[in-house]
Structure formats: C-alpha cells, structure tokens
Amino acid sequence: MPQGSSHRVVLVVDENSNPFEMSCAIEVFGLRRPELGRDLYDFTLCAAAPDTRMRDGFFTLTGVPGLEAAESADTLIVPNRPDTDTPRSPRVLDAVRRAHARGARLVGFCSGAFTLAEAGLLEGRRAACHWMWTDSFRARFPGVLLEPDVLFVDDGDILTASGSASALDLGLHLVRRDHGAEIANHVSRRLVFAAHRDGGQRQFVERPLPDVRDESLGPLLAWAQERLGETLTVADLADRAAVSPATLHRRFQSQLGTTPLAWLTAQRVALACRLIERGEERLDVVAARSGLGTAANLRARVRRETGLSPSAYRRRFGPRAGEAVRA
C-alpha cells in the first residue's frame, strides 16, 4: 500500500494521446495535498520521444522524461488515443510489459485497453473500454473478457476505465483502495466530483430533457445521505420523492446508471469505512450508524467493496495505521 508519496505513479504519453485523460491523472495523482499534510503519490509523465504531439495536434509536450522513468513505476498508466487501429510504439509496449513483469500495477483509461491488449497482457482477463470501440476491440482481441457496459474494471493488478470521465471514477477508486474512503472523499470534493460511482454502473446514462417538473435526484440524494443510519428503504425514498418505486427505479437508472438499493448500500458502506478510519472500533456501532444493521452484514459488505475485513481495513486505514507501518 502506498505510504505518503512513496508510491510512484507514472503516466506514459505517446503520439496522439488524449489530453483529457492525462489531465485526469494529473488531477488525481499529481496534485500537492498540503491540506492533508502529505502528498499521496510521487507522480511524473514520461514519453518515448522528446517532443510528443498530442491528439489532433492541439499541442506538443516537450521536456518530458524518457521511458526510463517507467522502470521505477509502482503504478503505470498506459497511453490512450483515438486512432485505435494504429499500432502502438514497440518501445512503449516493451515498457508496459517490463512493468507488468516486475509487478507494477497497470492502468488503462478509455482506449488504453487497446495498449494493454496489444502488449499481450489482457488475454483471458476482464477489461473495459469506451462503448464506441466495443466491436473493433472484440474483433481484434477475442480472448479478452470485455465488459462493454461498465464504468471501469478492477482486475487486481490491471485496471481499465471505459470512457473519458470514467478515468476520474477509476482514479478515485484507486485512491480509495490505496488510502481509504476518507482521503478519496477529500480528493473527490476538491475535484467537485461524485465520491463513489461503482465500476459496475453503466457507461452511457440517458439524460432526457426534463418535463415541466424538475425530476433531478439531487435533493433526494442529499436528504438520504443525512439519514443513512436510519431504517431507510427504497419505499421511503420513493415516498420522499412522491413517486412510485418503479418510477424512482427508472430515474435512478436514467440519471445515475444504478438502482436505488445499490446506491443506498454503496453510500452506507462508504460511511462505514469512514467511521472505521476515524477510530470507531465497535463493529455493531459502525453497522448501526451506517445503516448496515448487523456486524455480520457490515463484514460482508466491507469485504465485498474493499477486499478487506473490517479489522484489516482498520489496520490499513485507521488512525494508527501510520504508527503500525513505522513500527
């Protein structure tokens, strides 16, 4: 697990790379965090050429370190670009393979899945890419288990995000995995971005023009987040919104790409994780205050979301986690 800024994140840019995803990586992994009293990552860019022309010639990057910077990456973000049919640079692919061979975590945003597949690292593994390239990706890489309608896929040491904005979702997921829910929430607030959209949510969310009435879920979500510890059900949400449960379900699917129950559960798990991080050691109290009910349900939900038991989560992200690492 990264401690302070000791975890090195390296973003590889290549000819015609997308600047948006590059900016997402810089925002999540590269910014200083003086308000936290520490930096979360040691971040740098690197490129195969001294001058790298970005997408459609919008601008050219100069003065970026060479690919040798990738050799020390703990997390390597591979290049992505819109011309997916053009083969990647052999030097870049070799750098990606070497990083994987020595145990680095690999990340692909948007069309970055093509880079990972060309490097031969996705065979038999789960991955996500932008919906518009689903058919071409499957035709070229039939051995990859492509999940076409999700925001991102966490397959352990290789993670892929679907479209442009989902780069932020995956980035925040990595911060949450590395540093806990409290830090991830802080980063998301600074980004003014949703703190937690599960990777399984749909890529394409329909946003029809509203009728005369405002059907935004914003006020309802804010109301529910203040009452997560209460006995709050989907029926209660529907009553609050003055609609039927079926209508509420349709609105959640169209506006958030998830169901009311899945959203409610995810918010409760996130709250439980924050309570653990802040020092609450009594699992029954955490379960009650987060609305998860019982310690058994809390254990199951936290493990499913984080891959850790509550006690292991506390050791990693709790108030004395830094002391344990230094000991």
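Just so it is clear, the structure is predicted and the values come from calculations on it, not from any experiment.
Residues Leu93 and Leu11 do not share a hydrophobic cluster, clusters being chains of Ile/Leu/Val/Met/Phe/Trp/Tyr side chains in contact below 4.5 Å. In the hydrophobic clustering of this structure, Leu292 does not group with Val285; members are Ile, Leu, Val, Met, Phe, Trp, Tyr whose side-chain heavy atoms approach within less than 4.5 Å, directly or through other members. Residues Ile77 and Val64 are members of one and the same hydrophobic cluster, defined by side-chain heavy-atom contacts under 4.5 angstrom among Ile, Leu, Val, Met, Phe, Trp and Tyr. Under the 4.5 Å side-chain heavy-atom criterion for grouping Ile, Leu, Val, Met, Phe, Trp and Tyr, Leu174 is not connected to Leu31 through any hydrophobic cluster. Placement of Leu106 and Leu145 in two distinct hydrophobic clusters is found when ILVMFWY residues are connected by side-chain heavy-atom separations under 4.5 Å, directly or transitively.
Between the side chain of Asp39 and the main chain of Arg33, a donor-acceptor pair closer than 3.5 Å is present. The main-chain N or O of Leu228 is never found under 3.5 Å from a side-chain atom of Arg289 such that the two would form a donor-acceptor pair. At least one donor-acceptor pair closer than 3.5 Å links the side chain of Thr294 to the backbone N or O of Asn297. The main-chain N or O of Glu182 is found under 3.5 Å from a side-chain atom of Glu277 such that the two form a donor-acceptor pair. In this structure, the side chain of Ser162 engages the main chain of Val150 through a donor-acceptor pair within 3.5 Å. Between the Asp236 side chain and the Thr233 main chain, a donor and an acceptor come within less than 3.5 Å of each other. No side-chain donor-acceptor contact under 3.5 Å links Arg126 to the backbone of Val153. Using modelled atom types, one side-chain atom of Thr134 and one backbone atom of Trp131 make a donor-acceptor pair closer than 3.5 Å.
The nearest pair of heavy atoms linking Ala224 to Leu237 is CB-CD2, 3.8 Å. Considering every non-hydrogen atom in both Ala167 and Glu21, the closest pair reads CB-CG, 4.2 Å. Between Leu172 and Val187, the shortest heavy-atom distance links the atoms CD2-CG1, 3.7 Å. Taking each heavy atom of Leu220 and Ala241 in turn, the nearest pair found is CD2-CB, 4.1 Å.
Taking the six-membered ring wherever Trp is involved, the centroid distance between the rings of Phe317 and His179 does not fall below 6.0 Å.
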Next item on the list: Kindly determine whether Val175 and Val28 satisfy side chain to side chain contact (heavy atoms under 4.5 Å, CB included), including the steps that lead there.
Entry: CA-CA 8 Å; Val175 174; Val28 174; 3.6 Å; yes
Item checked: Trace of the side chain to side chain contact (heavy atoms under 4.5 Å, CB included) decision for Thr44 with Arg8 -> CA-CA 8 Å; Thr44 191; Arg8 193 161 201 238; 3.5 Å; yes
Checklist line | Steps toward side chain to side chain contact (heavy atoms under 4.5 Å, CB included) verdict (His186, Leu36) | finding: CA-CA 9 Å; His186 170 85; Leu36 296 178; 3.9 Å; yes
Note to self: Met54 vs Glu15, test: side chain to side chain contact (heavy atoms under 4.5 Å, CB included). Steps then yes/no.
What the structure shows: CA-CA 6 Å; Met54 300 297 286; Glu15 191 72 15; over 6 Å; no
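Taking CG from Leu308 and CD1 from Ile276, the interatomic distance works out to 10.0 Å, rounded to the nearest 0.5 Å. In this structure, the separation between OG on Ser6 and CZ on Arg38 is 10.0 Å, given to the nearest 0.5 Å. The CZ atom of Arg301 lies 11.0 Å from the OG atom of Ser290; values are rounded to the nearest 0.5 Å. We find the OG1-CZ distance between Thr306 and Arg177 to be 11.0 Å, quoted to the nearest 0.5 Å. Rounding to the nearest 0.5 Å gives a distance of 8.5 Å between CG of Asn80 and CZ of Phe109. Distance NE2/His173 to CZ/Phe152: 5.0 Å, rounded to 0.5 Å.
Below 30°, between 30° and 60°, or above 60°: for Phe137 and Phe141 the angle between ring planes is between 30° and 60°, a tilted geometry.
Residues Met22 and Leu45 meet the side-chain proximity criterion, which asks for heavy atoms closer than 4.5 Å. In this structure, Thr160 and Val107 have side chains that are not in contact, with every pair of non-hydrogen atoms separated by 4.5 Å or more. When side chains are defined from C-beta on, His249 does not count as touching Phe252, because their heavy atoms never get closer than 4.5 Å.
His7 and Thr75 are linked by a side-chain donor-acceptor pair at a separation below 3.5 angstrom, with hydrogens and angles left out of the test. Between the side chains of Asp74 and Tyr41, no donor-acceptor pair of N or O atoms lies under 3.5 Å. Using a 3.5 Å distance cut-off with no hydrogens or angles, the side chains of Thr247 and Arg250 do pair a donor with an acceptor. Between the side chains of Arg81 and Asn18, not a single donor N or O lies within less than 3.5 Å of an accepting N or O.
For the pair Arg105 and Asp154, the salt-bridge criterion is not met [side-chain N within less than 4.0 Å of a carboxylate O]. Comment: Asp284 does not engage Arg282 in a salt bridge, judged by the lack of any side-chain N to carboxylate O separation of less than 4.0 angstrom. Ion pairing of Arg91 with Asp94 is absent here, as no side-chain N (NZ or NE/NH1/NH2) approaches a carboxylate O to less than 4.0 Å.
Take Arg98 and apply the side chain to side chain donor-acceptor pair (under 3.5 Å) test, not counting sequence neighbours, and it matches Glu71. In this structure, Phe43 has no ring pair (Phe, Tyr, Trp, His ring centres under 6.0 Å) partners at least two apart in sequence or on a different chain.
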If you look only at distance, which donor and acceptor atoms sit under 3.5 Å apart when one is on a side chain in residues 113-124 and the other is two or more places apart or in another chain?
residue: Thr115; atom: OG1; partner: Pro79; partner atom: O; Å: 2.7
residue: Thr115; atom: OG1; partner: Arg88; partner atom: NE; Å: 3.0
residue: Glu118; atom: OE1; partner: Arg88; partner atom: N; Å: 3.0
residue: Glu118; atom: OE2; partner: Arg140; partner atom: NH2; Å: 3.3

